[in-house]
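Numbers restart at 1 for each chain; the letters A, B, ... are given by sequence-line order, proteins then strands.
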Amino acid sequence: MADRRYWIFKSEPTAYSFNDLLQEPGQTAEWDGVRNYQARNFMRDEMKVGDGVLFYHSSSKPLAVVGTATVARESYPDHTAWDPADQHHDPKSTPDNPIWFMVDIRGERQFTRPVILEEMKDNPRLRNMLLLRRGMRLSIQPVTREEWDEIVSLGSRG
DNA sequence: GCCAACGTTGGC
DNA sequence: GCCAACGTTGGC
């Protein structure tokens, strides 16, 4: 898969954790609720089935990448935007003219140990990671092959 | 709980 | 189209 791309998805584990993903049927879940255009564009325009996903726990202890997932379904409209009862309801989005999109991801591997944010900051190989940039709040970010390899390698150590 | 760094909204 | 006000994110 020469053109496989890599991403990092942030999630607050109190809202949805990596463990929650692993307990889904088929370990697969809709990544719904994203209401940021840049993150949407990544999902809608750039993600392909098979892309790698680093699963990052934000606003938690520890702040860390805890495992990997893969994109299991290419983007399609996020139906939660049409649901008035949903927390992420957006009346501007309709089935005829959807604004928000999502992909499905499938849990792949839980790390043998979390790769914590502090450690990532100290790692010269991750110096340029978007995640570590001041003020970078995007919940979905692209990750380079090198960054992916480094983090997966760190997370695979005993 | 604080607050910096955003993104969005809406008046003009 | 500008930009102040506001809301949110997310590390600290």
Residues of residues 115-125 of chain A with any non-hydrogen atom less than 4.0 angstrom from an atom of DNA chain C: list those, numerically ordered, please. A/L117, A/E118, A/K121
Just checking, any donor-acceptor pair under 3.5 angstrom between side chains of A/T80 and A/D78? yes
Is it true that the side chains of A/D90 and A/S93 contain a donor and an acceptor less than 3.5 Å apart? no
When you measure from the side chain of A/K10 to the backbone of A/L138, do you find a donor-acceptor pair of N or O atoms at a distance under 3.5 Å? yes
So which atom in A/Y56 and which in A/L63 form the shortest heavy-atom distance, rounded to 0.1 Å? OH-CB, 3.6 Å
First-last contacting nucleotides on DNA chain B - partner chain A, under 4.0 angstrom, heavy atom: B/dA4 to B/dT9
Looking at the rings of A/W31 and A/F55, which for Trp means the six-membered one, are their centres under 6.0 Å apart? yes
same_hphob_cluster(A/L22, A/V66) at 4.5 Å side-chain heavy-atom cutoff: yes
What pairs of residues pass the ring pair (Phe, Tyr, Trp, His ring centres under 6.0 Å) test when at least one of them lies in residues 81-104 of chain A, not counting sequence neighbours? A/Y37-A/W100
